[in-house]
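Below is one structure, written out as structure tokens, with a few remarks after it.
So you know, we letter chains A, B, ... as the sequences are listed, proteins then strands, and number each from 1.
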Amino acid sequence: MIRLFNTLGRHIQDFEPMDPNRVKLYTCGPTVYDFAQIGNLRAFVFNDTLRRTLESAGYRVRHVMNITDVGHLSSDADSGEDKLEKGAKREGKTVWDVADFYIRAFEKDTTALNILPPNGYHGKAEPYARATDFINEQQDIIGLLLDKGFAYITEQAIYFETAKMSDYGKLTGQKSSDKEVAARPEVVVDNNKKSPQDFALWFFTVGRFASHSMHWTSPWGEGFPGWHLECSAIIHSTLKEPIDIHTGGVDHIGTHHTNEIAQTEAAFGTKLANFWVHNEHLLVQDEKMSKSKGNFFTLEDVIKRGFEPLALRLLFLQSHYRKQTNFRWESLSAASSFLKNLQAWADLKFQDTLHKNGSDVNYGVVLEKIKECLFDDLNTPETLAVLSQFIQKTEKNRVAKDNFQTFLEHLDELFGLDLSKRADVGSEIKSLINQRQIARQNENWSASDALRNSLLHKGVEINDTEQGQIWRRV
RNA sequence: GGCGCGUUGGCCGAGGAGUUAGGCACAGGUCUGCAAAACCUUUUACACGAGUGCGAAUCUCGUACGCGCCUCCA
């Protein structure tokens, strides 16, 4: 039984999908106006772990993720541009080019981190659902909401009337009357709104949005969709509400997800999602890492500093998804060493000398333990502790090759660390290793040391053990 | 103002009333032709104050500090 912390109700609950074999999973994807920063990537590693955990429990997971390629306003109060417009201006491209470019960049980053692509919907060029490919569906929802009296039209926009939903805001637990109006200074107030919490479903290309370059015709006038509608529309036309699990960052709880719930439940009269699972943020110097603060690092920065992308993945797995984590290069470096040690352990599969007494090791028990930890609200740090303890305990009596490789494959299914996919050293290295073995047998220490040095220069460290030489890449 | 999450050793981080987290780093030792690896050992912990318990890092209350959200965000 998988247990997950459900933001709706704020406690850990047993997870059971509506269909006992299938899970409908939806993830709020990125806004593609810039490179993903590693805090964003932490969110997607968390989603990936959730997906892998569900699959390991035997569920067939249908996973859909959107891409926001329109309509989120920037924080520049005077410019009135959205983030894509801003990115386009900065780079001298069209908004469409900007979106394309950063979608490709996002795919590259997530591939490098072994994040499985969503499998529940495939757009024209990527496995994500672009908001701009669902304009009609978004308009359909607006039509429904107008018909049912949940929306009203002003000169600037069509708004959702939050007062019409008796349980509006149930995800936050905060009373509407307690909310601070325009908590951020850059929030633009439209005096034609009935309530400050009413949110836009459709903006007309008038006033500050007159020159907005992404716009579509609609029965109510030329314009573009509001900030929250895309997810409701995409879920409706792909997975169909109600879904089992909806994920996203904690920053979405109060506004984006609250409004998604309101729209969907008002338009279709159906619950949107049974479970809401939110990840906490990555911090830098005790502040949230974010694009708008400019205090962020990208995967490119990580690679430039000489780290493997998977070291970052391992770092994320070492902390719990619901806890803020302070990013430090020092801790990435620690994770990188940890990964290298795991890789060296995995590389033992190419080295017969240590494989003896294999039948003593019960990989199944370890895997079950690891799964138990994952099923307990994705306790990835605990899984790694279990694995580390296991490795230490079995150091002296490693196992028969075939079982070992299968075990590594199972670990990769859960962790995505590519431990089962490692290549053997080349014939040149092997030859040097053999020569050194002969030199040692002949007690020719100077030749032996020279060969060890030579191998080290080629990136292979040799250690002498009771069972003979073992190598590891450095 | 409201809502939410935190404060664990040199760094990162689990756990969560009595018994080892784990990773990385550091020191000493064993082993070794020399190294290294491995193994063993040791040292630095649970923000502060009060309360409830036989017993509290773990529960309760309070205080301090930090982070996030309240129409940009993962």
Side-chain angles (χ1 to χ4, degrees), chain A residues 7 10 27-31 33 36-47 68 72-76 82-83 86 169 171-184 186-190 193 196-200 226-228 247-256 258-259 278-283 286-293 314-315 318-328 330-339 341-342 344 373 379-389 392 395-396 440 443 445 448-449 452 456 461-466 470 472:
Chain A
T7 305
R10 301 210 183 260
T27 298
C28 277
T31 305
Y33 65 100
Q37 43 93 355
I38 58 176
N40 300 131
L41 297 174
R42 180 196 189 194
F44 298 112
V45 168
F46 143 66
N47 273 283
T68 300
H72 280 212
L73 301 178
S74 79
S75 54
D76 294 337
D82 77 25
K83 289 187 162 178
K86 205 176 157 191
L171 204 56
T172 60
Q174 186 183 18
K175 287 185 209 153
S176 294
S177 55
D178 288 336
K179 281 191 174 183
E180 195 171 309
V181 175
R184 288 182 296 115
E186 60 271 23
V187 172
V188 176
V189 177
D190 177 356
K193 288 207 299 192
Q197 292 137 56
D198 291 354
F199 57 92
W227 314 316
H228 317 296
T247 65
V250 287
D251 52 313
H252 282 147
I253 295 170
T255 304
H256 182 55
T258 288
N259 293 343
H278 293 96
N279 63 278
E280 257 297 351
H281 291 300
L282 195 64
L283 311 180
D286 295 318
E287 277 204 325
K288 176 176 154 186
M289 183 184 290
S290 73
K291 291 176 198 169
S292 52
K293 284 186 179 173
L314 185 56
L315 177 66
Q318 280 186 289
S319 66
H320 192 258
Y321 77 93
R322 278 194 292 113
K323 276 209 176 169
Q324 293 176 338
T325 293
N326 202 18
F327 177 80
R328 304 185 57 148
E330 193 183 354
S331 48
L332 179 58
S333 179
S336 177
S337 296
F338 186 19
L339 179 63
N341 288 337
L342 289 174
C373 298
N379 191 341
T380 51
E382 190 70 34
T383 63
L384 293 168
V386 168
L387 181 62
S388 292
Q389 282 166 347
Q392 191 178 351
E395 191 58 42
K396 281 170 190 158
R440 291 192 78 230
E443 299 192 359
W445 306 127
S448 160
D449 290 351
R452 187 167 64 194
L456 195 57
E461 179 185 285
I462 299 293
N463 299 312
D464 296 317
T465 73
E466 286 176 18
I470 59 172
R472 58 176 283 164

| message | In this structure, how many angstroms lie between the C1' atom of B:G68 and the CZ atom of A:F327, rounded? | response | 20 Å
| request: Could you tell me whether a side-chain N or O of A:Q318 sits under 3.5 Å from a main-chain N or O of A:A335, the two making a donor and an acceptor? | output: no
| query | Which dot-bracket string fits RNA chain B when only Watson-Crick or G-U wobble pairs with both atom distances under 3.5 Å count, crossing pairs get [ ], and | stands for a partner on a different strand? | reply | (((((((..(((.....[...)))..((((.......)))).....(((((..]....))))))))))))....
| task | Using salt bridge (Lys or Arg N to Asp or Glu O under 4.0 Å) as the criterion, list what pairs up with A:R10, not counting sequence neighbours. | result | none
| task | Assign the ring pair A:H228 / A:H256 to parallel, tilted or perpendicular, where the plane angle (0 to 90°) is split at 30° and 60°. | result | tilted
| Any side-chain heavy atom of A:F46 sitting closer than 4.5 Å to one from A:T247? | yes
Using nucleotides 26-29 of chain B, report all nitrogen or oxygen pairs with the protein that are shorter than 3.5 Å.
none

| said: Is A:S290 close enough to B:A74 that one of its side-chain N or O atoms is under 4.0 Å from OP1 or OP2 there? | reply: no
| query | Taking A:S388 for the side chain and A:A385 for the main chain, is one N or O donor matched with an acceptor at less than 3.5 Å? | reply | no
| said: Is it the case that the base of B:G2 and the side chain of A:E180 share a donor-acceptor contact (distance under 3.5 Å, atom types as modelled)? | reply: no
| field | Candidate nucleotides B:G23, B:A74, B:A21, ranked by approach to the side chain of A:F338 - the nearest | value | B:G23
| request: May I have the step-by-step check of side chain to side chain contact (heavy atoms under 4.5 Å, CB included) for A:L384 and A:L314, ending in yes or no? | output: CA-CA 9 Å; A:L384 293 168; A:L314 185 56; 3.9 Å; yes
Ignoring hydrogens and angles, write down the donor-acceptor pairs under 3.5 Å from the side chains of residues 172-179 of chain A, residues two or more places apart or on other chains.
| from | atom 1 | to | atom 2 | distance (Å) |
| --- | --- | --- | --- | --- |
| A:T172 | OG1 | A:G169 | O | 3.0 |
| A:T172 | OG1 | A:Q174 | N | 3.1 |
| A:S176 | OG | A:Q197 | OE1 | 2.9 |

| query | What residues, two or more places apart in sequence or in another chain, satisfy ring-ring contact (aromatic ring centres under 6.0 Å, His included) together with A:F327? | reply | A:F297, A:W329
| query | Between B:A21, B:C3, B:C73, which nucleotide gets closest to the side-chain atoms of A:Q174? | reply | B:C3
| query | In terms of the nearest nucleotide of RNA chain B, which residue is placed more toward the 5' end: A:C28 or A:T172? | reply | A:T172
| message | Can you list everything that forms a side-chain hydrogen bond (donor to acceptor under 3.5 Å, both in side chains) with A:S448? Sequence neighbours excluded, please. | response | A:R436
| query | For A:N341 and B:G23, is the shortest distance between a side-chain N/O and OP1 or OP2 below 4.0 Å? | reply | no
| message | Among residues at least two apart in sequence or on other chains, which ones pass side-chain hydrogen bond (donor to acceptor under 3.5 Å, both in side chains) with A:T325? | response | A:R42, A:S319
| query | Nucleotide by nucleotide, 5' to 3', does protein get under 4.0 Å of the base (B), only the sugar-phosphate (S), or neither (-) in nucleotides 7-12 of chain B, counting heavy atoms? | reply | S---SS
| note | Ranking B:C70, B:C67, B:A74 by distance to the side chain of A:L283, first place goes to B:C67
Check nucleotides 30-33 of chain B for protein N or O atoms closer than 3.5 Å to its own N or O atoms and list the pairs.
| from | atom 1 | to | atom 2 | distance (Å) |
| --- | --- | --- | --- | --- |
| B:G33 | O6 | A:S448 | OG | 3.3 |
| B:G33 | N1 | A:D449 | OD1 | 2.9 |
| B:G33 | N2 | A:D449 | OD2 | 2.6 |

| message | Between P on B:C69 and CZ on A:F199, what's the gap in Å once rounded to a whole number? | response | 20 Å
| query | Within this structure, what is the CZ-to-P distance between A:R10 and B:C69, rounded to whole angstrom? | reply | 15 Å
| Can you tell which of B:A25, B:A21, B:C73 lies closest to the side chain of A:Q389? | B:A21
| query | Given B:G15, is OP1 or OP2 found less than 4.0 Å from the side-chain N or O atoms of A:N379? | reply | yes
| message | Can you measure A:H281 atom NE2 to B:G6 atom C1' for me and round it to whole angstrom units? | response | 14 Å
| request: Mark yes or no for a side-chain to base donor-acceptor pair under 3.5 Å between A:K293 and B:C73, with no hydrogen or angle criteria applied. | output: no
| field | Derivation of the side chain to side chain contact (heavy atoms under 4.5 Å, CB included) call for A:T27 and A:F44 | value | CA-CA 9 Å; A:T27 298; A:F44 298 112; 4.1 Å; yes
| query | Rounded to whole angstroms, how far apart are CZ on A:R322 and C1' on B:A14? | reply | 13 Å
| message | Expressed as a whole number of angstroms, how long is the span from A:E287:CD to B:G66:C1'? | response | 11 Å
| request: Apply salt bridge (Lys or Arg N to Asp or Glu O under 4.0 Å) to A:R472 and list each qualifying residue two or more places apart in sequence or on a separate chain. | output: none
| query | Who pairs with A:E287 by salt bridge (Lys or Arg N to Asp or Glu O under 4.0 Å), at least two apart in sequence or on another chain? | reply | none
| remark: A:D198 meets the side-chain hydrogen bond (donor to acceptor under 3.5 Å, both in side chains) criterion, sequence neighbours left out, with A:Y152, A:T162
| So which nucleotide from B:C69, B:C40, B:A36 ends up closest to the side chain of A:E461? | B:A36
